[in-house]
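A note on names: the letters A, B, ... follow the listed sequences, proteins ahead of strands, and every chain is numbered from 1.
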Amino acid sequence: MINKKLDRKADIQILDGNHAAALGAKLSRVQVIAAYPITPQSPVTESLSEFVEGGDLHAEYIAVESEHSAMAVCTSASLVGARTFTATSSHGLAYMHEMLHWVAGTRLPVVLACVNRAIGAPWNVQNDQQDSISQRDTGWIQIYARNNQEILDSVIQAYKIAESVYVPVMVCYDGYILSHTEMPVDVPSQGDVDRFLPPYKPHAILDPANPRNYNLVTLANPRVNADGILCHGYMEIRYLLQEALQKSRETIINVGQEFGKLFARSYANMFWEDRLDDAEIVIVAMGSLAMEATVAVDMLREEGHRVGVLSLRVFRPFPKDYLIEALSKARLIVVFDKNISYGSEGATCSEIKSALYGNRINAVIRNFIVGLGGRDVKAREIADAVRKSLPSLEEGGPNIEYPEWICHM
Amino acid sequence: MDEMAEIRWHGRGGQGAVTASEILAEAALEEGKYFQAFPDYGPERMGAPIRAYTRIGSSPIRQHCQITQPDAVVVLDPTLIGIVDFTDGLKEEGVLVVNTPLSPAELRSKLGFDAGKVFTVDATRIALDTIGRNIPNTTMIGALLKAVEVVSKKVVQEEIRKRLETKGNKEMAKANIEAFERAYNEVTQA
């Protein structure tokens, strides 16, 4: 790591993750915000309502009685052509579940900040990634931030991505660990953000002067509508959503590259790579945990192990092809998940296995469940889990059927 | 390893422990250093024992785990002595800075603590003399910086001045800087 002093000429502000997200929405000039407060997301809604109330942000802040309504408002606002934003956590996101499907199915470029928090029962307000992972099949793009700079930058990029491919984007970041931790954030100027992100020009909007129908009952097979036009059946519309997500990978990378050119912080990737060049052991992690993992790599490298970190930035669409290339030299992959698909394994582990299958990569995969409900995860523990997995490097497969847990059981 | 200092603050809700950790963060930013400042993850209530944390480093900070082995522990409230185990996890060579009228030797014997370096200062009295209220956070920053200069004294004083003057309170800024200065000079080490 280079000892680089922070550039004081830049506008570095001290921001916690929630204020970084709110500022990202403000700089994106969102026009409608509908949100319901929930721990640990509440400061996002508070600061946005303050921006609107103070006249610093010309937007409608719509107070609602639930997260389900928040997303319903975002749906309607987006349909009439407004750039919309919401934020939530945990049970709030679960409560939105039905509307998440509606937004993606309607192909609306809504952006949501998900402050990752555990789901009850038992009751817990601290961090893990079970909430957003549980929404992975709703058709939203999911981006995970590792620090507060990435939160702010990702929200701004999310609008550019969403409005290019007409798929909603969820920007996810760890509750408390990022949401309530202040760190230096380089805040771009409004002028620069405006250059990067022009006003939203929807391809079609609901307009009383030009009536249209959205979300009709759609039958299984294509059929002719009232105007005599042959329209898609349900399945074709769903095919197009999958196709949009598949193709969005290029857009995500291009947008990240363009962002890099303007702001000198490139996001032209689907995942971050740390010391993968000569790594035969690869740690896979997502969010702030991936930063902690780079400290574990320092420790393991000192012991002579060739270890690197692959930090998933975009979880949906899942970057299968890109991963195959990055993992081609790996012989042992140790995947850390702050979530679990009960009865199976961690969600990112399943994804990695699925990506590698049939691609001639002969690596053993070990899966560790960590950090649920705010359980602290130290670099030392990540390093210990890798050391524990080393015999797999010598012996080869088969993979262990179920994940191992780093907890007192 | 990267050079990094981890500080844990103990106080009671309302005494400004969180603000103290933020003031240090602001000073670190001013010096072009990297930092994290965070409170304990839980409800904060006036009068309840609370903790706050600061990390300051010369390069980008990659650690996101909790601080369980701090380099420095600062105790803002003398009534926490014997109630909160604030020496827990303090590094062997770490510094403990406590607001108490006790001498460092007396505090050591009361706590049965013989590791690290112990510093004491009667910050409550200094805060009452200068600020007129029992908010000993700026005072204790002064004591901490005497024990270990994680950021420069001058920069911190400037941050305290800016923070209070933007709130429109020049008198209060002056009083807080005086409190800082007195604690810096009066703090004693075992």
Side-chain angles (χ1 to χ4, degrees), chain A residues 1-10 12-17 39-40 117 124-127 146-149 173-185 274 285 287-299 302 309 311 370-371 373-382, chain B residues 1-9 17-44 50-70 88-89 91 151-152 155-156 158-159 162-163 166:
Chain A
M1 194 69 50
I2 311 152
N3 275 18
K4 199 183 82 183
K5 277 202 164 188
L6 279 172
D7 180 9
R8 294 299 294 127
K9 276 177 286 184
I12 309 274
Q13 295 185 23
I14 299 177
L15 296 176
D16 65 29
T39 303
R117 168 188 146 181
N124 182 295
V125 298
Q126 297 196 38
N127 167 247
R146 298 178 302 170
N147 54 44
N148 297 353
Q149 183 73 59
Y173 57 94
D174 293 313
Y176 289 106
I177 296 171
L178 298 182
S179 73
H180 284 62
T181 298
E182 298 184 325
M183 41 183 109
V185 177
D274 181 64
S288 63
L289 185 64
M291 295 299 282
E292 192 76 34
T294 66
V295 181
V297 169
D298 292 349
M299 299 172 181
E302 261 179 46
V309 180
S311 161
V370 296
R375 178 67 58 85
D376 194 23
V377 189
K378 294 207 186 299
R380 175 177 44 77
E381 293 168 297
I382 297 171
Chain B
M1 289 293 272
D2 306 330
E3 202 179 300
M4 185 173 66
E6 295 184 321
I7 303 159
R8 187 172 67 210
W9 305 80
V18 174
T19 306
S21 81
E22 287 174 2
I23 289 171
L24 272 202
E26 281 162 9
L29 173 64
E30 198 53 42
E31 289 188 352
K33 287 180 175 160
Y34 294 83
F35 59 85
Q36 291 176 357
F38 51 100
D40 231 354
Y41 306 149
E44 199 171 311
I50 61 126
R51 289 176 294 192
Y53 305 86
T54 317
R55 279 192 173 105
I56 297 176
S58 53
S59 50
I61 294 171
R62 298 170 291 153
Q63 282 84 348
H64 287 293
C65 58
Q66 291 163 25
I67 293 175
T68 46
Q69 291 181 303
D88 182 42
K91 278 192 188 133
V151 279
S152 96
V155 174
V156 174
E158 185 57 20
E159 288 309 313
K162 269 197 281 184
R163 184 179 259 258
T166 47

**Report entry** For chain B, the option from Glu292(A), Glu381(A), Arg146(A), Met183(A) that forms the most heavy-atom pairs under 4.5 Å
**Finding:**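 Answer, by heavy-atom pair count under 4.5 Å with chain B: Glu292(A).
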Query - Closest non-hydrogen atom pair, Phe35(B) against Pro184(A) - result: O-CD, 3.4 Å
Could you state the interatomic distance from [atom1] ([X]) to [atom2] ([Y]), rounded to the nearest 0.5 Å?
X: Gln66(B); Y: Arg375(A); atom1: CD; atom2: CZ; answer: 10.0 Å
X: Ile12(A); Y: Leu29(B); atom1: CD1; atom2: CG; answer: 6.5 Å
X: Asp16(A); Y: Gln36(B); atom1: CG; atom2: CD; answer: 12.0 Å
X: Glu182(A); Y: Phe38(B); atom1: CD; atom2: CZ; answer: 11.0 Å
X: Glu30(B); Y: Ile14(A); atom1: CD; atom2: CD1; answer: 9.5 Å

Query raised in the report: What's the verdict on side chain to side chain contact (heavy atoms under 4.5 Å, CB included) for His64(B) and Asp174(A), showing C-alpha distance, side-chain angles and the deciding distance?
Result: CA-CA 10 Å; His64(B) 287 293; Asp174(A) 293 313; over 6 Å; no
Report task. Answer yes or no: is there a donor N or O on one side and an acceptor on the other, between the side chain of Lys378(A) and the main chain of Gln63(B), under 3.5 Å? Result ->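 Checked: no pair found.
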Report summary line: Contacts of Glu6(B) meeting salt bridge (Lys or Arg N to Asp or Glu O under 4.0 Å) (sequence neighbours excluded), chain-then-number -> Arg55(B)
Report task. Would you mind checking which part of Thr68(B) comes under 4.5 Å of any heavy atom in chain A, side chain (CB onward), backbone (N, CA, C, O), both or neither? Result ->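 The answer is both parts of Thr68(B).
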